[in-house]
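Okay, structure first, notes after.
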Amino acid sequence: MPTILAIETSCDETAASAVFFQNKKNKNGIPHGLEVKSSIVASQIPIHKKTKGVVPEVAARAHVPQIIPVIQKALHKAKMTIHEIDALAVSAGPGLITSLMVGVEAAKTLSVVLQKPLIPVNHVEAHIAANYIAGDKIMLPAVALVVSGGHTETILIKKIGNYKLIGRTRDDAAGEAFDKIAKLLDLSYPGGPIISQYAQKGKKGNIHFPRPMMDKNNDDLSFSGLKTSVLYFLKKYPVTQKQQLYDICKEVESAIVDVLVSKAMRAAKEHKAKSILLAGGVAANTALRGALCSAAKKQNIHFFKPDIKLCTDNAAMVGLAASHHYLAKKFKDPYHIKANPGWELV
Ligand code: KG4
Ligand code: ZN
């Protein structure tokens with residue numbers, strides 16, 4: 001059984017994981033028997049809370065003392081030594097250049113010293129691949145809705161490894177909208193989980209924010225108008241009570257979820273998708289998971305979402321994405337791999 005040691009440092013999580021799989025793939029190209037043996041994440045959230053956002057230089061420095069202990073823990077949890085792995089995989093972009101470099105240089109060094117093949121993985125493919133653990137249940141073609149702090153896009157998957165852009169945000173990503181609106185509301189970082197938590201106590205109907213681009217007959221998305229609406233609303237009605245804050249959070253979350261669900265369903269219908277794969281940090285949002293699941297069910301489309309722990313940045317998803325590249329022997333010379341902050345999957 002091949003084993004991959006995967007590394008992820010593209011933004012503010014230092015992560016390593018051991019992923020196992022069988023030496024053959026299913027009809028869609030997903031390796032059989034995918035199994036996450038360990039997934040260790042050292043989060044920098046407490047550091048970035050102070051600045052209510054990620055300062056790239058601070059993030060990169062914080063990866064350095066964590067990278068080796070995190071790799072050690074991932075191997076220990078998987079009950080294996082570094083000599084037992086068959087290959088290395090690393091998230092090589094997109095992301096913050098100096099953060100990516102920490103993981104990429106660690107992976108290159110291990111690859112050269114251990115003489116094991118190295119697979120550079122696209123971080124967006126990794127988010128999508130968190131769903132590949134569902135294996136044979138995934139029916140193609142599929143539409144992936146990738147929603148993170150840096151990305152918001154719908155992607156058509158005709159075959160595993162073959163990705164085509166359907167639509168993307170013209171401005172802010174959905175996670176970025178959550179984070180920026182949280183900042184306007186004087187909430188902590190990252191904004192998504194807090195807005196989502198407060199939204200549970202909020203009431204619907206008191207406040208209305210726009211659903212940008214929702215009724216436009218195209219696949220584009222946009223979230224900066226929502227942020228501006230919240231800004232003007234707060235100027236007019238400063239928050240004086242907790243309930244008011246909860247109601248705002250409820251409406252912000254509903255607006256974002258409504259737009260995402262509508263665009264994902266539009267893409268699925270347009271491309272006759274048999275499955276919808278939800279991916280990225282915002283995929284951890286309970287309201288989005290529920291709403292997209294119901295909408296997909298109504299259209300008889302299979303719906304897949306990663307385990308909550310595999311939604312925000314982690315290395316297991318990097319190993320899951322690398323598994324099909326491993327079987328296709330898509331190895332790169334470690335001496336020539338570079339962190340690529342602008343690497344576009346589609
Ligand atoms: O995928 P990720 O960990 O990093 C990037 O690749 O960007 O996504 C982080 C984003 C942040 O913007 C965060 O606010 C958002 O995911 N997020 C959520 C939730 N958990 C994380 N947004 C809404 N609801 C959540 N529960
Ligand atoms: Zn990510």
Side-chain angles (χ1 to χ4, degrees), residues 6-15 17 39 41-45 48-49 52-54 56 59 63 90-96 99-100 103 121-131 144-153 155 168-169 172-185 187-200 202 223 226-227 249-250 252-261 277-292 305-318 320-321 341-345:
I7 296 172
E8 159 65 49
T9 63
S10 67
C11 185
D12 58 347
E13 317 283 11
T14 321
S17 165
S39 178
V41 180
S43 179
Q44 300 179 3
I45 286 177
H48 303 305
K49 268 195 167 134
K52 292 199 173 177
V54 178
H63 283 306
V90 65
S91 187
L96 302 172
S99 285
L100 286 165
V121 170
N122 180 289
H123 181 80
V124 174
E125 183 182 22
H127 274 303
I128 297 171
N131 289 290
L145 173 65
V146 182
V147 270
S148 69
H151 289 82
T152 293
E153 43 211 37
I155 293 172
R168 67 161 44 122
T169 182
D172 292 346
E176 193 180 357
F178 272 116
D179 295 341
K180 286 180 175 171
I181 293 170
K183 221 171 179 179
L184 294 177
L185 294 168
L187 301 175
S188 184
Y189 172 84
I194 299 166
I195 290 186
S196 168
Q197 193 191 322
Y198 283 5
Q200 284 174 19
F223 291 103
L226 172 64
K227 177 192 62 197
C249 289
K250 178 95 187 164
V252 165
E253 183 181 66
S254 301
I256 294 175
V257 169
D258 286 353
V259 173
L260 292 174
V261 170
L277 315 181
L278 181 59
V282 182
N285 184 276
T286 313
L288 176 60
R289 292 163 85 89
L292 194 53
K305 56 188 191 305
D307 192 272
I308 296 272
K309 281 192 195 138
L310 296 191
C311 289
T312 45
D313 289 349
N314 65 85
M317 66 183 195
V318 178
L320 292 170
W343 185 3
E344 299 252 14
L345 177 67

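Just so it is clear, the values below take in all heavy atoms, side chains as well, and ignore hydrogens, waters and symmetry mates. In listed order, ligands and their atoms are each counted from 1.
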Quiz prompt | Shortest heavy-atom approach to atom 26 (N) of ligand 1 - which of Ile181, Val147, Leu288, Asn285 | solution =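 Closest candidate by heavy-atom distance is Asn285.
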Starting from [atom], find the nearest protein heavy-atom neighbour and note its residue, name and distance.
atom: atom 13 (C) of ligand 1; answer: Asp179 OD1, 3.8 Å
atom: atom 10 (C) of ligand 1; answer: Gly149 N, 3.6 Å
atom: atom 8 (O) of ligand 1; answer: Gly281 CA, 3.4 Å
atom: atom 3 (O) of ligand 1; answer: Asp313 N, 3.0 Å
atom: atom 22 (N) of ligand 1; answer: Gly192 CA, 3.3 Å
atom: atom 15 (C) of ligand 1; answer: Val282 CG2, 3.9 Å

Quiz item: Is ligand 1 under 4.0 Å from a heavy atom in the side chain of His123, in the backbone, in both, or in neither?
Solution: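 The answer is the side chain.
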I need the atoms of ligand 1 closer than 4.0 Å to a non-hydrogen atom of [X], numbered in the order shown.
X: Gly175; value: 12 (O)
X: Gly150; value: 7 (O)
X: Thr312; value: 3 (O), 21 (C)

Quiz item: Does any N/O atom on Phe178 come nearer than 3.5 Å to any N/O atom on ligand 1?
Solution: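 No; the residue has no nitrogen or oxygen that sits under 3.5 Å from a nitrogen or oxygen of the ligand.
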Practice problem: Consider ligand 1: state whether an atom of it lies below 4.0 angstrom from any non-hydrogen atom of Pro193. | Solution: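 The answer is yes, since Pro193 has a heavy atom less than 4.0 Å from ligand 1.
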Quiz item: Does even one non-hydrogen atom of His127 get within less than 4.0 Å of ligand 1?
Solution: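 In this structure, His127 qualifies as a contact of ligand 1 - some heavy atom is under 4.0 Å.
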Expected output: side-chain [X] to main-chain [Y] donor-acceptor under 3.5 Å:
X: Asn122; Y: Glu125; answer: yes
X: Ser196; Y: Gly192; answer: no
X: Thr312; Y: Gly281; answer: no
X: Asp258; Y: Ala255; answer: no
X: Asp179; Y: Gly191; answer: yes
X: Arg289; Y: Ala283; answer: yes
X: Glu176; Y: Ala173; answer: yes
X: Thr9; Y: Ser99; answer: yes

Self-check item: Shell of protein N/O/S atoms around the Zn ion (ligand 2), taken as anything under 2.8 Å
Solution: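 You should have found His123 NE2, His127 NE2, Asp313 OD1.
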Quiz item: Can you find a side-chain donor-acceptor pair between Glu253 and Asn285 that sits under 3.5 Å?
Solution: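 Short answer, yes.
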Quiz prompt | Test log, rule side-chain hydrogen bond (donor to acceptor under 3.5 Å, both in side chains), inputs His63 and Asp12 | solution = CA-CA 8 Å; His63 283 306; Asp12 58 347; over 6 Å; no
Quiz item: Is the number of heavy atoms from other residues, nucleotides or ligands under 6.0 Å of Lys227 NZ greater than 12?
Solution: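 Yes, because the 6.0 Å sphere around NZ of Lys227 holds more than 12 heavy atoms from other groups.
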